[in-house]
Amino acid sequence: MEKFYITTAIDYVNGAPHIGHAYEKILTDVIYRHFTQRCDNTFFLTGTDEHGIKIQKTSAAQGMTPKELCDMNANKFQDAWKRLGVDYTKFIRTTDDYHEKAVQKIFDKLLKKGDIYKHSYTGLYCSGCEAFLSEKDLTEDGLCPDHQKKPEVVEEENYFFRLTKYKDAIIRHIKTHPDFIVPSFRANEVLNQLENIEDISVSRTTANVSWGVPVLGDPEQSIYVWIDALSNYITALGYDTEADTETYKQFWPATVHVIGKDILKFHSIYWPAILMALDLPLPEHILAHGWITIDQTKMSKSLGNVISPESIMQAFNLEIPDPLRYYMASAAPCGKDGNYSDEDFKEKVNAHLANSMGNLLNRTLSMLVKYFDGDVKPEFRGKSGGKSELFDKALETVKEVKHHFDYFEVQEAAQKIVELVDITNKYVTDNAPWTLAKEGQMDKCGEVLTTVLEIMCVIASLIYPYCPNIAKSMAEQLSYDLSTKLDDITCDNIKAGHLIDKENIKPVFLRMDSELADKSKKD
Ligand code: MSP
């Protein structure tokens, strides 16, 4: 793989980040970190979407200027991602000067090409979607189905983009690239939407929407949010229609745009059309993830159940984000909806990370110290010369995990890792190294323990994208090089003479409700 460029949706900054935003950023970060284990040339872009009527109204209601509101909330997003270990390469804000200038040029280029034209229009505008809706999009009561609000009737002279010109090319692209829309079951939805598309409004009058990027040479019109927002994926790389920067050349087209299913239309219809109009190549994949509910209920301000990732971190007294990352990333099969509940979070994380994985490492290392003073002897390679069925299984799991990530199946990949942990636990139970030690079969006992430690090195690499801190702690205790690329993984890391640092053996993760966990936090 020569390069890997992944992006998230850029979040509206009319509020603080919630667990739905966090889900997407974590999912993306897990995919990104996995591909850093396969490729040296990677770029991860995220950011905030700061223009439009929603920000204008919210800032006015809060007695702030739009820019003040944007600055305040953009910081909250950046802080949240830092806390969650979201290791982005670049954070773009659509109010960044270079982005605004590039968007103006992109708009101007499309205008000069004749793909944007001026037109008087009466439409139904939903500020929640920041989009015009057609009658067909509305519920029986005339409400926006996503925001349960009556759209505003807007009568304006706006600029329009000739979306219809690109309709056939987009249909052809989707049909000839079955992996363009992931998961593929959503492609039909998009093809149906394409049947009824019309040209789209791409500007608003500044009289109605003043908080936007002004059209070059027509300051009465501001560029309406989707052209502004979608362009971030190229402007962040330095694209501005004239100078293609090195970064742009290196990374465009994107490998994958990770977005929620609610904005798939914008990414799989509008964005490809804009790119075609600019004569630019299309992204390889659009990954539309599902929706996260809280206790099986859709999050909404009116229900008062909007929760932030920080509130979960605090409620469980978490010092590292790994448990929340692991839980969120494995919350749903690829593209399907998932759910967050406190109980399930605690149960799953305790079972998988503390009881199965953490405990396996801790007791194996402890036994190696107890029986062998932490010393790995050459005899431990045993009669088999260090071959084990378990090694085949571990290397097979690496392949399976890679395969799932090729299809962005993050939950499914996590299940494979858990399976390997379970099989390894069973191997320990079946071979009972404590009994072997009691019976004086020391070489055999050492062979069992080092076999398990070999597998733990593989597990540290595989779990790293989900739990980078835990993986680091595992690798330190195993003296394993976590920067090993997935293609270079072997089961030949725990060599004779390998030193286990006796003083440094500690649980990599304590059960969330354990007394020990509480005590260690107080110390
Ligand atoms: N600003 C636009 C995106 C522009 S991308 C060029 C937007 N912003 S948003 O703040 O409303 O949503 C940002 C992302 O968060 C979207 O991908 C959206 O699907 C996702 N989520 C928002 N709430 C969510 C859940 N409850 N669950 C999962 N993801 C959700 O749309």
Side-chain angles (χ1 to χ4, degrees), residues 6-29 45-55 58 69-70 73-74 76-77 80-81 84 86 91-95 99 103 106 126-131 144 146-147 182 186 202 211-212 223-236 254 256-272 274-275 283 286-301 303 305-309 327-329 331-332 334-341 410-411:
I6 189 165
T7 67
T8 69
I10 49 174
D11 303 306
Y12 289 130
V13 282
N14 52 315
H18 58 58
I19 196 69
H21 301 126
Y23 171 63
E24 177 176 286
K25 285 16 175 215
I26 291 172
L27 194 68
T28 310
D29 187 65
L45 177 70
T46 190
T48 41
D49 189 357
E50 306 192 359
H51 295 119
I53 190 75
K54 212 171 356 195
I55 311 287
T58 313
L69 178 76
C70 292
N73 284 334
K76 290 185 188 163
F77 279 88
W81 304 158
L84 293 175
V86 175
F91 192 96
I92 186 171
R93 297 180 56 183
T94 54
T95 51
H99 170 79
V103 166
I106 288 171
C126 170
S127 62
C129 299
E130 290 284 15
C144 160
D146 283 346
H147 298 93
V182 183
R186 295 221 178 269
V202 286
W211 185 237
I223 298 171
Y224 144 71
V225 292
W226 281 98
I227 275 218
D228 172 13
L230 290 162
S231 302
N232 93 88
Y233 301 131
I234 49 177
T235 64
V256 55
H257 293 315
V258 182
I259 49 139
K261 62 181 183 180
D262 55 319
I263 53 172
L264 179 59
K265 176 172 84 182
F266 302 105
H267 283 79
S268 58
I269 302 178
Y270 294 14
W271 182 226
I274 294 169
L275 288 168
I286 313 282
L287 168 61
H289 62 73
W291 217 240
I292 288 291
T293 52
I294 304 294
D295 299 326
Q296 310 296 345
T297 312
K298 194 174 169 184
M299 262 188 293
S300 83
K301 277 195 191 138
L303 286 176
N305 66 345
V306 179
I307 54 171
S308 70
Y327 181 76
M328 295 312 297
C334 180
K336 297 272 171 65
D337 292 344
N339 182 57
Y340 173 87
S341 88
V410 177
Q411 183 204 53

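Scope of the values below: all heavy atoms of this structure, side chains included, with no hydrogens, waters or symmetry mates. The first residue of the sequence shown is numbered 1, and numbering continues consecutively from there. Just so you know, ligand 1 is whichever comes first in the structure, and atom 1 is the first atom listed for that ligand.
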field: H18 and H21 aromatic ring geometry - parallel, tilted or perpendicular at 30°/60° bounds
entry: parallel

Nearest non-hydrogen protein atom, atom 15 (O) of ligand 1: H21 CD2, 3.7 Å

- line: So the atoms of ligand 1 within less than 4.0 Å of a heavy atom of G290 turn out to be 28 (C)

message: Applying the side-chain contact (heavy atoms from CB on, under 4.5 Å) criterion to D29, which one of V258, I6, V86 satisfies it?
response: V86

- request: Starting from atom 18 (C) of ligand 1, locate the nearest protein heavy atom and write down its residue, its atom name and how far away it is, to 0.1 Å.
  value: D262 OD1, 3.7 Å

query: How far is atom 29 (N) of ligand 1 from its nearest protein heavy atom, and which residue and atom is that?
result: H289 CE1, 3.2 Å

query: Which of the atoms of ligand 1 are close to G260, meaning less than 4.0 Å from one of its heavy atoms?
result: 17 (O), 19 (O)

For I259, atoms of ligand 1 separated by under 4.0 Å from a heavy atom: 17 (O)

message: Does the residue K298 have a heavy-atom contact with ligand 1, meaning some pair of atoms that are separated by less than 4.0 Å?
response: no

- request: Could you pull out the closest heavy-atom pair between P283 and L275, with the gap in Å?
  value: CD-CD1, 3.5 Å

task: Assess E130 for proximity to ligand 1: is some non-hydrogen atom of it under 4.0 Å away?
output: no

- request: Using atom types as modelled and distance alone, determine if a side-chain donor or acceptor of D11 lies under 3.5 Å from a backbone N or O of T48.
  value: no

query: Has ligand 1 got any nitrogen or oxygen that is less than 3.5 angstrom from a nitrogen or oxygen of K261?
result: no

- prompt: Should W226 be listed as contacting ligand 1, given a heavy-atom distance under 4.0 Å as the test?
  reply: yes

task: Please report the C-alpha distance between I19 and M328 in whole Å, then the side-chain angles of each, then the deciding distance to 0.1 Å, and finally whether the side-chain contact (heavy atoms from CB on, under 4.5 Å) criterion is met.
output: CA-CA 9 Å; I19 196 69; M328 295 312 297; 3.8 Å; yes

- prompt: If only atom types and distance count, is the side chain of E130 paired as donor or acceptor with the main-chain N or O of W226 below 3.5 Å?
  reply: no

field: A9 neighbourhood, listing ligand 1 atoms whose heavy-atom distance to it stays under 4.0 Å
entry: 5 (S), 14 (C), 16 (C), 17 (O)

field: K298 atom NZ: more than 12 heavy-atom contacts under 6.0 Å
entry: yes

query: Got an N/O contact under 3.5 Å between Y12 and ligand 1?
result: yes

- line: For A229, the ligand 1 atoms with a heavy-atom partner under 4.0 Å come out as 6 (C)

query: Between the main-chain N or O of T46 and the side-chain N or O of T7, is there a donor-acceptor pair closer than 3.5 Å?
result: no

query: Is a side-chain N or O of T94 found less than 3.5 angstrom from the main chain of A229, in a donor-acceptor match?
result: no

- request: Give the atoms of ligand 1, by number and element, whose distance to some non-hydrogen atom of D49 is under 4.0 Å.
  value: 1 (N), 2 (C), 4 (C)

- prompt: In ligand 1, which numbered atoms sit nearer than 4.0 Å to a non-hydrogen atom of M299?
  reply: 26 (N)

field: Heavy-atom donor-acceptor pair, N73 side chain to V13 backbone, under 3.5 Å
entry: yes

- line: closest protein heavy atom to atom 2 (C) of ligand 1 is I10 O, 3.4 Å

message: I need the nearest protein heavy-atom contact for atom 30 (C) of ligand 1: residue, atom name and distance, please.
response: W291 CZ3, 3.5 Å

- request: Could you please spell out the steps behind the side-chain contact (heavy atoms from CB on, under 4.5 Å) verdict for I234 and I106?
  value: CA-CA 11 Å; I234 49 177; I106 288 171; 4.2 Å; yes

message: Which of the numbered atoms in ligand 1 are under 4.0 angstrom from any heavy atom belonging to Y233?
response: 5 (S), 6 (C)

- prompt: Does E24, backbone or side chain, put an N or O under 3.5 Å from an N or O of ligand 1?
  reply: yes

- prompt: Are the side chain of H99 and the backbone N or O of D228 linked by a donor-acceptor pair below 3.5 Å?
  reply: yes

task: Please confirm whether the backbone N or O of T8 pairs with a side-chain atom of E24, one donor and one acceptor, at under 3.5 Å?
output: no

field: atom 25 (C) of ligand 1: nearest protein contact (heavy atom, Å)
entry: G20 CA, 3.5 Å

statement: atom 13 (C) of ligand 1 sits nearest the protein heavy atom D11 OD1, 3.0 Å

query: Considering only protein heavy atoms, which is closest to atom 26 (N) of ligand 1, and at what distance to one decimal place?
result: I292 O, 3.3 Å

